**Q** 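Sharing a structure here in structure tokens format.
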Amino acid sequence: MNYYLTGIEGMPKLLDCCDGDPMQYFKKKTYPDAFRRMYQEHVATLDAIENGYNMVIDKEQFLENMANALGEYAAGKINSCTRRNQRERLMMDMNMTMAAFVLPMVLEFHGNSSAPLADKLLEAWKKQFPKSSLQAAEYSYIEQGFHKKFCYITTAVCETFGRTDDCYELTLLRDYRDTYLASVPDGEKMIQEYYDVAPSIVKHINQKEDSKDIYRSIWSEYLKPCIDMIEEGRMEECRIHYQEMVETLRGKYFYH
């Protein structure tokens, strides 16, 4: 078996694993099954790369070639778009596919080549798309974000200020979510809608050069007032204000 050829031909196919619409799979109910299915569909490529990596002398160049095959394929797809809005939308979809599926699939293999290949993929992506700020995360970490009900937006904001995951603000808002919000009519629906859109909003904000300024604005305009309302017992006002934040951020950053 020609491991090199199998890897080179298979790498670009990883980027097409979501059929051009990663968000249809990146939801609490669909993500685990979709990821497992995609991983099985492409594990032969990862296996070939692992075998080739263990055999070759110049392992770094071998993985660099694999990563460049995917990066160049992505650049070709972008360059084939004639309209700016098409390029921007495709870029967002490909970034989401890389972050939520491709890089986690590579790391899920847990081979000698896995972590080095993920690093090379990030380098190749940055080479083709200098403004990109992709980071690699394992499937288990992403999947836990749904089951542990991470406060995606609030967590991202708190990280900007150097606060930890168990800080007072995050703990207070999680308690509000799990006690008051979950108990009101349509509260569970609102929570689920939030977890459907929040990961994409955060990823798109993170790709902005002024992401820290955006998070500081979210803090001052929405999160700090919500915390004050909870502390003062104004629970329904907090719900309305928080919902306004989600809708505003959805309009600004869900696709941008």
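The structure displayed is predicted, hence computed values, not measured ones.
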**Q** side-chain contact (heavy atoms from CB on, under 4.5 Å) for R174 and T155? Distances and angles first, verdict last.
**A** CA-CA 11 Å; R174 285 171 179 150; T155 298; 4.1 Å; yes

**Q** In Å, rounded to the nearest 0.5 Å, how long is the span from CD of Q243 to SG of C226?
**A** 11.0 Å

**Q** Would you say the side-chain atoms of Y194 pair up with the backbone N or O of V246, donor to acceptor, closer than 3.5 Å?
**A** no

**Q** Going by the salt bridge (Lys or Arg N to Asp or Glu O under 4.0 Å) test, which pairs reach into residues 15-24, not counting sequence neighbours?
**A**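 Output for this query lists D16-K77.
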
**Q** Could you give the distance from SG (C18) to CG (D93), rounded to the nearest 0.5 Å?
**A**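 Here the interatomic distance stands at 9.0 Å.
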
**Q** Would a hydrophobic clustering, with Ile, Leu, Val, Met, Phe, Trp and Tyr connected at side-chain separations under 4.5 Å, put L14 with M96?
**A**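 Linked within one cluster.
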
**Q** Passes side-chain contact (heavy atoms from CB on, under 4.5 Å), C17 versus H42? Steps please.
**A** CA-CA 9 Å; C17 65; H42 297 282; 3.8 Å; yes

**Q** Does the side chain of Y242 reach to within under 4.5 Å of the side chain of M245, using non-hydrogen atoms?
**A** yes

**Q** How close do L70 and M11 get, heavy atom to heavy atom, and via which atoms?
**A** CD1-O, 3.2 Å

**Q** Could you tell me whether a side-chain N or O of N2 sits under 3.5 Å from a main-chain N or O of L5, the two making a donor and an acceptor?
**A**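 Side chain of N2 to backbone of L5, a donor-acceptor pair under 3.5 Å: yes, one is there.
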
**Q** Show, in sequence, the C-alpha distance, side-chain angles and deciding distance for E236 and Y180, and conclude whether the side chain to side chain donor-acceptor pair (under 3.5 Å) test is met.
**A** CA-CA 9 Å; E236 182 60 15; Y180 176 80; 2.8 Å; yes

**Q** Please report the interatomic distance CD(E169) to CD1(I230), rounded to the nearest 0.5 Å.
**A**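 Atom-to-atom, E169:CD and I230:CD1 are 11.0 Å apart.
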
**Q** Please answer: with hydrophobic residues joined when any side-chain heavy atoms are less than 4.5 Å apart, are Y253 and V202 in the same cluster?
**A**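 Same hydrophobic cluster.
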
**Q** Using the rule given for side-chain contact (heavy atoms from CB on, under 4.5 Å), can you reason through Q207 versus M91, listing the C-alpha separation, both sets of side-chain angles and the distance that settles it, and then say yes or no?
**A** CA-CA 11 Å; Q207 290 161 6; M91 191 73 252; over 6 Å; no

**Q** Could you tell me if the side chain of F62 sits less than 4.5 Å from the side chain of I57, heavy atoms only?
**A** no

**Q** Let me check something: any side-chain donor-acceptor pairs from residues 100-112 under 3.5 Å, sequence neighbours excluded? List them with distances.
**A**
residue: H110; atom: ND1; partner: L107; partner atom: O; Å: 3.3
residue: N112; atom: ND2; partner: N54; partner atom: OD1; Å: 3.2

**Q** Any pair with a residue in residues 215-238 that passes ring pair (Phe, Tyr, Trp, His ring centres under 6.0 Å), sequence neighbours left out, goes on the list, sorted by first then second residue, please.
**A** F161-W219, Y222-H241

**Q** Is any side-chain N of the basic residue among K120 and E60 closer than 4.0 Å to the acidic one's carboxylate O?
**A**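 A salt bridge links K120 with E60.
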
**Q** Mind checking whether M235 and Y168 sit in one hydrophobic cluster, side chains of I, L, V, M, F, W, Y counted as touching below 4.5 Å?
**A**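 Yes: a chain of side-chain contacts under 4.5 Å links M235 to Y168.
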
**Q** Search all heavy atoms of I49 against all heavy atoms of M66 and return the closest pair with its distance.
**A** CG1-SD, 4.0 Å

**Q** Can you list every pair that meets salt bridge (Lys or Arg N to Asp or Glu O under 4.0 Å) and has a residue in residues 1-11, with sequence neighbours left out?
**A**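 Pairs touching residues 1-11 that pass the test: none.
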
**Q** State whether R37 and D33 are salt-bridged, where the test is any N-O pair (Lys NZ or Arg NE/NH1/NH2 against Asp/Glu carboxylate O) under 4.0 Å.
**A**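 Salt bridge absent between R37 and D33.
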
**Q** If every non-hydrogen atom of A124 is compared with every non-hydrogen atom of N68, which pair is closest and at what distance?
**A** CB-OD1, 3.7 Å

**Q** Within a strict 4.5 Å, meaning less than it, do heavy atoms of the I218 and I205 side chains meet?
**A** yes

**Q** Heavy-atom count around E232 CD within 6.0 Å, excluding the residue itself: above 12?
**A**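 Yes, enclosed.
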
**Q** Is the side chain of E50 donor-acceptor paired with the backbone N or O of S113 at a distance under 3.5 Å, no angle test?
**A**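 Present.
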
**Q** Tell me every residue that passes side chain to side chain donor-acceptor pair (under 3.5 Å) with Y4, counting only those two or more places apart in sequence or in another chain.
**A**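 Expected list: N65.
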
**Q** Report yes if the side chains of P32 and Y139 come closer than 4.5 Å at any heavy-atom pair, otherwise no.
**A** yes

**Q** Which heavy atom in G7 sits nearest to a heavy atom in A48, and how many Å separate them?
**A** N-CB, 4.4 Å

**Q** Mind listing the closest non-hydrogen atom pair of P12 and A69 along with its distance?
**A** CG-O, 3.7 Å

**Q** What's the spacing between R87 CZ and L90 CG if we round to 0.5 Å?
**A** 10.5 Å

**Q** Find the distance between CG (L172) and CG (L223) and round it off to the nearest 0.5 Å.
**A** 11.0 Å

**Q** Nearest heavy-atom pair of I78 and F129: which atoms, and what distance?
**A**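 Looking at all heavy atoms of both residues, the closest pair is CG1-CE2, 3.9 Å.
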
**Q** Looking at residues at least two apart in the chain, or sitting in another chain, which of them share a side-chain contact (heavy atoms from CB on, under 4.5 Å) with K127?
**A** none

**Q** Would you say the side-chain atoms of N79 pair up with the backbone N or O of A75, donor to acceptor, closer than 3.5 Å?
**A** yes

**Q** Does K59, at its NZ atom, have more than 12 non-hydrogen atoms belonging to other residues, nucleotides or ligands within less than 6.0 Å?
**A**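 Counting neighbours around NZ of K59, more than 12 heavy atoms of other residues, nucleotides or ligands fall under 6.0 Å, so yes.
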
**Q** Given the rule in the side-chain contact (heavy atoms from CB on, under 4.5 Å) test, do L173 and R177 qualify, once you have shown the distances and angles that lead to the verdict?
**A** CA-CA 6 Å; L173 286 168; R177 174 199 64 205; over 6 Å; no

**Q** Do M229 and I153 share a hydrophobic cluster (ILVMFWY, side-chain heavy atoms under 4.5 Å, transitive)?
**A**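 The answer is no; the residues belong to distinct hydrophobic clusters.
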
**Q** Measuring from K208:NZ to S211:OG, what's the distance to the nearest 0.5 Å?
**A**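 So the gap between those two atoms works out to 10.5 Å.
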
**Q** In terms of the angle between their ring planes, are F35 and Y31 parallel, tilted or perpendicular, with boundaries placed at 30° and 60°?
**A**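 The arrangement is tilted - the two ring planes meet at 30° to 60°.
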
**Q** Given side chains that start at C-beta, do those of N95 and W125 come closer than 4.5 Å, heavy atoms only?
**A** yes

